[in-house]
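Note that the coordinates shown come from a computational prediction; the quantities given were computed from them, not determined experimentally. Below, chains carry the letters A, B, ... as their sequence lines are ordered, and counting in each starts from 1.
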Amino acid sequence: MMFDIKWIRNNQKKFDAAMERRGIGPVAANLANLDDIRRNAKTKAQEIQTERNALSKEIGAIKLRGEDPSNILSKVEASKEAQVMAESELAEAEKDLENYMAKLPNAPLDDVPSGIGEADNVEIRRVGELPCFDFDVKDHVQIGEALGMMNFEIAAKLSGARFVLLTDQLAFLERALANFMIDHNVEKYDYTEVNPPALVNDETLFGTGQLPKFGDDLFRTEGGYWLIPTAEVPLTNMVSGSVINEDLLPRRYTAMTWCFRSEAGAAGKDTRGMIRQHQFTKVEMVSITLPNESPGELERMTKSAENILFQLGLPFRTVTLCAGDMGASAQKTYDIEVWLPGQNQYREISSCSDCGEYQARRMNARYCTKDGNIKGHVHTLNGSGLAVGRTLVAILENYQQSDGSVLIPTVLRPYMGGMETIKRR
RNA sequence: GGAGAGAUGGCAGAGUGGUUGAAUGCACUGGUCUUGAAAACCAGCAUACCUGCAAGGGUAUCGGGGGUUCGAAUCCCCCUCUCUCCGCCA
């Protein structure tokens, strides 16, 4: 069950209040009603089945004695019709309830600010000083193209709009960034590196909440696979359907993957440059925790992402998303926004979310005590650490020099064979 | 892609139409015995859901879905996955 229907039945006002914060009208009464129908149908179907089972057993016994069971057989015949009816009623009721619940978003935590959009998000900290330039600031497209290492025309020829082709030192930089991030997550924050499938099935996308509602944002193969929009999908679903011993929690996974997004609703947005692409590289973090540990884990995960920016010397700010701006699966989200001199604004580079038990319920991922007693659903969290393409953009723009070259952040140099600057050659 | 074999409780492994939710062994838990332990013996040991204040009662589940039957782990069909062989391939 995607939500705790018993809890909803008994706490209808609370549930509706939570949904209202996400801009969704009252649903609890509907849910309770659908559940009533479902339970009644179930009870009825079970009663009929009980009778049938008893009769069938009796027939077995009678036949064993070598007697004629035909009078009972006729009784069975009568109950058959009733059973078919009851069962189809039940199936319909269950489907109705599931379909209804599958489309509801997660309930925001109490400390999530109210609001309907970006403007209502709350900044909680700013780190790093904005760079000053004594020359005309260029954006990453100008810088990259001038270096001759960022090409949108060839990418458009090969694929179409919203693709980019990096060459030479920029291709190298992207690879170095990913390595740096993975190492950071593994060595400093105890994440386990994973190299997951990038094509997944329907069930997996349902588990993390992309399906059934947001299939339009994804690419799908003719064979019915989906290209992952983020490594959150495979990493989180690693524990689907399993019962994890509480001693083994928390579990932390990190992966570098390509991410594929159709950007269906983004026509006209960020059309210039690498900010919004159909394909981009991202290093992702996923944590699986005990229920009471997810809020602390969210802070930890966010710190991990922030620390990468800090080490790269990129200025950023962190905001708490308001209830209306969060993704459907999240119960609390921090966005980290990096400063982009070329746009003269902060832009999202990481999003860290505590999904509570929302995804765990969809995936049926639970935990148990040492002696195997199943206690409940785990909590799941995911966060970018970081979006590699956007990090590359941020480095180009923040570390640009007057001569068109780009300084490489110190921590990255070991990952680039000691190279200190990227310049045209 | 072709041919074959398989999927049963934590594990191993019986079971081909009628008290089979499922033998047996191992593991695990409790007990007896013992100074203690081992061994031996006895008992217990799945999950989900419905119903009930509770005790309890009930339903479903032997990879998944559908079918045959009064009755299916057992028969039929479809699918998934695993293994072996062949082909192809990074």
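A distance of about 12 Å separates the P atoms of B:G30 and B:A38, rounded to the whole Å. The separation of B:G63 from B:U82, taken at their C1' atoms, amounts to 10 Å, rounded to a whole angstrom. Spacing between B:C78 and B:U68 at atom C1', rounded to whole Å, works out to 15 Å. A distance of about 12 Å separates the P atoms of B:G64 and B:A73, rounded to the whole Å. Taking atom C1' on both nucleotides, B:A60 is separated from B:A22 by 15 Å, rounded to a whole Å. B:C62 sits 11 Å from B:A72 when the P atoms are compared, rounded to a whole Å. On the P atoms, B:U61 is 9 Å away from B:G65, given to the nearest whole Å. The C1' atoms of B:C75 and B:G25 are separated by 30 Å, rounded to the nearest whole Å.
Here A:Asp36 contributes atom CG and A:Asn33 contributes atom CG; the two are 6.0 Å apart, rounded to the nearest 0.5 Å.
Across all strands shown, B:G9 remains unpaired; no Watson-Crick or G-U wobble contact has both distances below 3.5 Å. For B:C83, the paired nucleotide is B:G4, the pair qualifying as Watson-Crick or G-U wobble because both relevant distances are below 3.5 Å. The nucleotide B:C49 finds its pairing partner in B:G58, both defining distances of the Watson-Crick or G-U wobble pair being shorter than 3.5 Å. Nucleotide B:U35 forms a pair with no other nucleotide shown, judged by Watson-Crick or G-U wobble geometry with both contacts under 3.5 Å. Remark: B:G71 base-pairs with no nucleotide in the shown strands. Criterion, Watson-Crick or G-U wobble with two distances under 3.5 Å. Using Watson-Crick or G-U wobble geometry with both donor-acceptor distances under 3.5 Å, B:A22 finds no partner in any strand shown.
Listed for the A:Ser353 side chain is no donor-acceptor partner under 3.5 Å among the backbone atoms of A:Asn382.
Between the side chain of A:Lys57 and the base of B:G18, no donor-acceptor pair under 3.5 Å is found.
Toward the 5' end of RNA chain B, the nearer of the two residues A:Ile59 and A:Asp35, judged by each one's closest nucleotide, is A:Asp35. Residue-to-nucleotide proximity on RNA chain B shows that, of A:Arg38 and A:Arg52, the 5′-proximal contact is made by A:Arg38.
In this structure, A:Asn201 atom CG and B:U80 atom P are separated by 12 Å, rounded to whole Å. Taking atom NZ of A:Lys42 as the reference point, atom P of B:C50 lies 7 Å away to the nearest angstrom. Atom-to-atom, CD of A:Glu47 to P of B:G52 comes out at 11 Å; the value is rounded to the nearest Å.
Contact check on A:Arg261 versus A:Glu263 returns no salt bridge, with no Lys/Arg side-chain nitrogen under 4.0 Å from an Asp/Glu carboxylate oxygen. A salt bridge does not link A:Asp183 to A:Lys188: none of the charged side-chain nitrogens sits closer than 4.0 Å to a carboxylate oxygen. Between A:Lys138 and A:Glu397, no side-chain nitrogen of the basic residue sits less than 4.0 Å from a carboxylate oxygen of the acidic one, so the salt-bridge criterion is not met.
Within 4.0 Å of A:Leu55, counting heavy atoms only, lies no atom of the nucleic acid at all. In this structure, A:Lys44 reaches neither bases nor backbone, as no heavy-atom distance under 4.0 Å exists between it and the strands shown.
Taking the ring centre of A:Phe206 as origin, the terminal cationic atom of A:Arg362 falls inside the region bounded by 6.0 Å and 45° from the ring axis.
OP1 or OP2 of B:A48 has not a single side-chain nitrogen or oxygen of A:Asn364 nearer than 4.0 Å. Between A:Asn53 and the phosphate of B:G58, there is no side-chain N or O to OP1/OP2 separation shorter than 4.0 Å. Within the 4.0 Å cut-off from OP1 or OP2 of B:A48, at least one side-chain nitrogen or oxygen of A:Arg366 is found.
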